[in-house]
Amino acid sequence: MQHQQQHQGRSSLQDCLSTSNPQSRQTIIKGEIIIVQSDKKSGSGRSASVWIYSCTEVDPKTGKGKLSEQAYLKCGKTKTIRGERTRTYNVKFHVEPNFGTPGALVIRNPKNNSFFLKYAALQIQNSQIIQFDCYSWIYSFKMTKNFDRIFFSNTKYLPSQTPQALIKLRKEELSSLRGNGSGERKEWERIYDYDYYNDLGDPDKGAEHKRPVLGGSASLPYPRRGRTGRPPSNADPLTESRPCTTNLDIYVPPDERVSPKKKSEFISNSIQGALHFLILEGKGSKHIESFDEIDAMFSANESLVIEGSLKEKLKAMVPDEFYKTHAIKKTLKFPLPQIIAENEFAWKDDEEFGRQMLAGVNPARIQSLEVFPPQSKYGAVSSIKTSHIEHNLDGMTVAQAMNNWRILILDHHDYLMPFLSRINTNDVCIYASRTLLFLKSDSTLRPLAIELSLPGSGGDEINQVLVPASQGEAAALWHYAKAHVAVNDSVYHQLVSHWLHTHAVVEPFIIASRRQLSVMHPIHWLLDPHFKDTMHANALARSKLINSGGIFEKILFSAEISMQLSAELYKEWRFDEQALPADLLKRGMAYEDPDPENPTGIQLLFQDYPYGSDGLEIWTAIQAWVTDFCMLFYTDEASVRSDEELQAWWSEIRNVGHGDKRNETWWYRMTSRKDLIQGLTTLIWIASALHASVNFGQYAFNGYPLNRTTLCRRFIPQEGTIEYAEFLRDPDKYYLNMLPERAEMILGISLAEVLSQHTSDEVYLGQRLSSLPIKNEEVGQKFEKFNRELRNIEKRIEDKNADANLKNRQGCAKMPYMLLYPGTSNVESKGGIMRKGIPNSISI
């Protein structure tokens, strides 16, 4: 099917060429085309053929815009700016006198290499410039089955407003991007199609590497991923075979790949992480013996020479081409995580324990307690009693505190209970947990009680409740209980808050956008920066992170059932509840505000909730920008309903991309501008701010394993047992034996270090690589308004962090909350672990 579409594309161009009359070409349109030569594999574009189509004059024989004479790229000029090497070609297009205004550019690469086309511009009468933002790889004409690439100018049109000369070209280009569900995808193919998560297992390596298919069933529903079409494995026809590669070249459509510069930085960061792992994993025994051993993993300036066995081990872990071509920082130890940079004991503090639920790396799980004692969805009642907590409510009764919304809960109970019997067979000791906290008058949180639960016989639960203590055995046991809660929260953060709720749920939106929204569509232009690099990041995650034997299975207590746990929690996912105001309302962290002037429609339960406070400012700015943009193109509700591309896009997201949720009634109907604005705002929020809030603080908080680790190897000791006697002899040793083994711990730190790094080519919220569309000058004005508001938010965040009355902004760790600091004013990023800045997209 695809080859037929491509062949039709070639024939139509040849038809246009055959109808031209050379004698009538009397007018010249001058153009400039810019090619980026970013690495050794990038071609120069020399000898490529180019044409332009008119968008105002139709060729009656083809039904498309009139076509120019063929031109060629030759004699380009090379220059390097800020490390980017470009080649600029000046081109002359010969056209008929009545050619009209150019609207599309066609390019053909006759050579066997590929090159990256960045930009083109055409100068027409009255010095008007027609711009083309391309940002795309151009592969050999032979590889693409004789299919030329077409690019449309930056002017954007709804389908019904498309100039007659471009209608057929618009439909042909969009059709060429859709796969038909067959064939293995090749590097050069720009094909977007869906598949289940059937590529996580590797049964050909053994039965222990078999993993269930996620998606397409009621028991294991999941969002769809981009299809690669690799053949099935030999051992299991339902599982796709794994790529035999270590060089990160897993298939994604070419325009979804990270830039060579970003790829280079990511590889260098990963090599550095591997180096840290090798250095520190070999220092000491299998188990951590002392707190000093953990602290010794971190330092600012020590370095070493990479030689001998260390060099050989590193070369064995890293592909040879990467080892030779990427600079390696020879830092001996991990940098100091910020949680201990100002106060080395902050991680022990009860108030800091609570503060991280509001301003840490997983700040959207905490909620108001609705019923005391807490109850599970299965009807089981918690063992936490009034006597456990009432003495810590600042003189209130439990009823009074509940009526005033002063008791909060971090709940990791219901979803974990059904899995614990399987999890705890893997040499780990995991509870389901409930943590109750009291909202004090200064808005800090005081932990009240922790309930730790295990499955018992006959469906009963075995519960124990621990309460805060500051001295003796009780203080040590309380500390152990907090560690178990942190482990629950860390794994939920990785599998759900981070991977599922950002990476996985966004990918179907990207695929549907490419398949159903023409690049000429204004909504495609609006969303495009928020999709940058996400499919490639997800493909790499399926290859190295969430696959059988991958990093998650090595460091998370959920091990080989990690992704099944993620699928179980996808059952609860609702796109509409990922809108920040809806999320805050659902969790009881905000209430409805009747004030019509409030754009969010809600008020926070308390203002010193850093994630909620900063998040609502970002949400409001995004919503205002999306509203301004949509109102420029959609004049009424009918214009939304009649947009055939938009309707096909939304239908495909619901029925295919998130097909396991197709029958849910909460989906926006997409019949009004309100639906459109709400849906787009939510999508942009997820891809930018939500992802930033749960990703870029990972090293600051998770990098220090005593603050947050991802598994425990000992249960809380019970009186009268051998374990309790061990605990009494040496509480510190018992605690250290609870922690992951040395290799697991260091691997977790290395992962947090890699994932927390911004790259130097990051594009932040309120910034754009591409030009603004020139059809409507108001778009540029509205975008500049968005940019200014984000810069103003930066100043307000700095002011809030400096306000001593807002105690949750810094806490005893003296860590200002910056995870939702936009970074819009950062125009020359140097990358690294910055713990601030909201990239436009899920790019790592």
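Numbers for residues simply follow the sequence, beginning at 1.
Between Gly215 and Asp660, the closest heavy-atom pair is CA-OD2, 3.4 Å. Across Gly697 and Ser756, no two heavy atoms sit closer than the pair C-OG, 4.4 Å. Listed here is the closest heavy atom pair of Phe147 and Ser176: CZ-CB, 3.7 Å. Of all non-hydrogen atoms in Ile430 and Phe715, the two that sit nearest each other are N-CE2, 3.5 Å. The two residues Thr228 and Arg542 make their nearest non-hydrogen contact at CG2-NH2, 4.4 Å. In this structure, Val213 and Leu220 approach most closely via the heavy-atom pair O-CD1, 3.8 Å.
In the model, Glu652 has a side-chain atom that pairs as donor or acceptor with a side-chain atom of Gln516 under 3.5 Å. Glu461 and His413 form a side-chain donor-acceptor contact under 3.5 Å, judged by distance and modelled atom types alone. His658 and Tyr570 share a side-chain donor-acceptor pair at under 3.5 Å. Between the side chains of Ser433 and Asn488, a donor-acceptor pair is found at a separation under 3.5 Å. Using modelled atom types, one finds a donor on one side chain and an acceptor on the other under 3.5 Å when comparing Ser843 with Glu762. Side-chain contact, Asn737 with His287: no donor N or O sits under 3.5 Å from an acceptor N or O. Under the 3.5 Å distance criterion, with hydrogens and angles disregarded, no donor-acceptor pair is assigned to the side chains of Asn198 and Thr239. Side-chain N/O atoms of Tyr492 and Arg365 include a donor and acceptor closer than 3.5 Å. Side chains of Ser114 and Trp188: no donor on one and acceptor on the other come within 3.5 Å. Between the side chains of Glu187 and Tyr139, at least one donor-acceptor pair of N or O atoms lies under 3.5 Å. A donor-acceptor contact under 3.5 angstrom links the side chains of Arg149 and Ser136, judged on distance only. Side-chain N/O atoms of Ser497 and Asn362 include a donor and acceptor closer than 3.5 Å.
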### Task
Please step through side chain to side chain contact (heavy atoms under 4.5 Å, CB included) for the pair His691 and Asn695, ending with a clear verdict.
CA-CA 6 Å; His691 179 259; Asn695 182 70; 3.7 Å; yes
### Query
Between Arg230 and Glu240, is a salt bridge (Lys or Arg N to Asp or Glu O under 4.0 Å) present by the stated rule, with each step listed?
CA-CA 6 Å; Arg230 293 191 300 270; Glu240 189 172 271; 3.1 Å; yes
### Message
As a quick check of understanding, evaluate side chain to side chain contact (heavy atoms under 4.5 Å, CB included) for Glu753 and Gln698, giving each step before the final call.
### Response
CA-CA 7 Å; Glu753 182 186 27; Gln698 290 196 69; over 6 Å; no
### Query
Going through the checks in order, is the side chain to side chain contact (heavy atoms under 4.5 Å, CB included) test met by Glu553 and Glu560?
CA-CA 6 Å; Glu553 292 196 359; Glu560 72 275 3; 4.1 Å; yes
### Message
Working note: Leu177 + Ile191, criterion side chain to side chain contact (heavy atoms under 4.5 Å, CB included); need CA distance, chi angles, decisive distance, verdict.
### Response
CA-CA 5 Å; Leu177 299 175; Ile191 302 297; over 6 Å; no
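Looking at Asp533, its side chain never comes within 3.5 Å of a backbone N or O of Ala537 through a donor-acceptor pair. Using a distance-only test at 3.5 Å, with no hydrogens or angles considered, no donor-acceptor pair links the side chain of Asn426 to the main chain of Val428. His536 places a side-chain N or O within donor-acceptor distance of the main-chain N or O of Val258, the cut-off being under 3.5 Å. In terms of modelled atom types and a separation under 3.5 Å, the side chain of Ser558 and the main chain of Ile561 share no donor-acceptor contact. Checked by atom type and distance alone, the side chain of Arg708 never pairs as donor or acceptor with a backbone atom of Ala486 at under 3.5 Å. A distance-only check finds no donor-acceptor pair linking the side chain of Asp411 to the backbone of Arg434 [under 3.5 Å]. Without hydrogens or angle criteria, Gln494 side chain to Phe552 main chain gives no donor-acceptor distance under 3.5 Å. At least one donor-acceptor pair under 3.5 Å links the side chain of Asp204 to the backbone N or O of Asn234. Checking side-chain atoms of Ser241 against main-chain N and O of Pro232 turns up no donor-acceptor pair under 3.5 Å.
Between Ile523 and Leu680 the shortest side-chain heavy-atom distance falls below 4.5 Å. Pro253 has its side chain out of reach of Glu189: every pair of non-hydrogen atoms, C-beta onward, lies at least 4.5 Å apart. Using a 4.5 Å cut-off on side-chain heavy atoms (C-beta onward), Val485 and Leu410 make contact. By the 4.5 Å heavy-atom criterion applied to side chains, Ile844 and Phe696 are counted as neighbours. Within the 4.5 Å cutoff, the side chain of Val506 has heavy atoms near those of the Ile842 side chain. At least one side-chain heavy atom of Ile653 sits under 4.5 Å from a side-chain heavy atom of Trp667. Contact of the Asn840 side chain with the His530 side chain is registered, since non-hydrogen atoms from C-beta on lie closer than 4.5 Å. Two residues are said to be in side-chain contact when any heavy atoms from C-beta on lie closer than 4.5 Å; Gln578 and His501 meet this criterion.
Residue Lys171 qualifies as open at atom NZ: its count of foreign heavy atoms under 6.0 Å is 12 or below. The local environment of NZ in Lys210 is sparse, with at most 12 non-hydrogen atoms from other residues, nucleotides or ligands closer than 6.0 Å.
For the pair Arg224 and Tyr196, the cation does not sit on the ring face, since its NZ or CZ is not both under 6.0 Å from the ring centre and inside 45° of the axis.
Each of Tyr197, Trp573, Trp499 was scored for a ring pair (Phe, Tyr, Trp, His ring centres under 6.0 Å) with Tyr222, with one residue passing: Tyr197. A salt bridge (charged side-chain N to carboxylate O under 4.0 Å, His left out) with Glu256 is found for exactly one of Lys532, Arg514, Arg185, namely Arg514. Each of Ile555, Val491, Val487 was compared with Thr709 under the side chain to side chain contact (heavy atoms under 4.5 Å, CB included) criterion, and only Val487 meets it.
One distance of note links CG of Asp202 with CD of Glu208; it measures 9.5 Å at 0.5 Å rounding. Here Ile746 contributes atom CD1 and Ile288 contributes atom CD1; the two are 6.5 Å apart, rounded to the nearest 0.5 Å. Rounding to the nearest 0.5 Å places OG of Ser490 at 8.5 Å from NE2 of His412. Separation of atoms SG (Cys712) and CG (Asn424) is listed at 10.5 Å; rounding is to 0.5 Å. In this structure, CD1 on Ile511 lies 8.0 Å from CG on Asp193, to the nearest 0.5 angstrom.
Taking the six-membered ring wherever Trp is involved, the centroid distance between the rings of Phe557 and Phe419 does not fall below 6.0 Å.
Using a 4.0 Å cut-off between charged nitrogen and carboxylate oxygen, Glu572 and Lys377 count as a salt-bridge pair. Using a cut-off of 4.0 Å between Lys/Arg side-chain N and Asp/Glu carboxylate O, Glu507 and Arg225 are scored as not salt-bridged. Using a 4.0 Å cut-off between charged nitrogen and carboxylate oxygen, Arg713 and Asp427 count as a salt-bridge pair. Glu744 has no carboxylate O lying under 4.0 Å from a charged side-chain N of Lys286, or vice versa, which leaves the two without a salt bridge.
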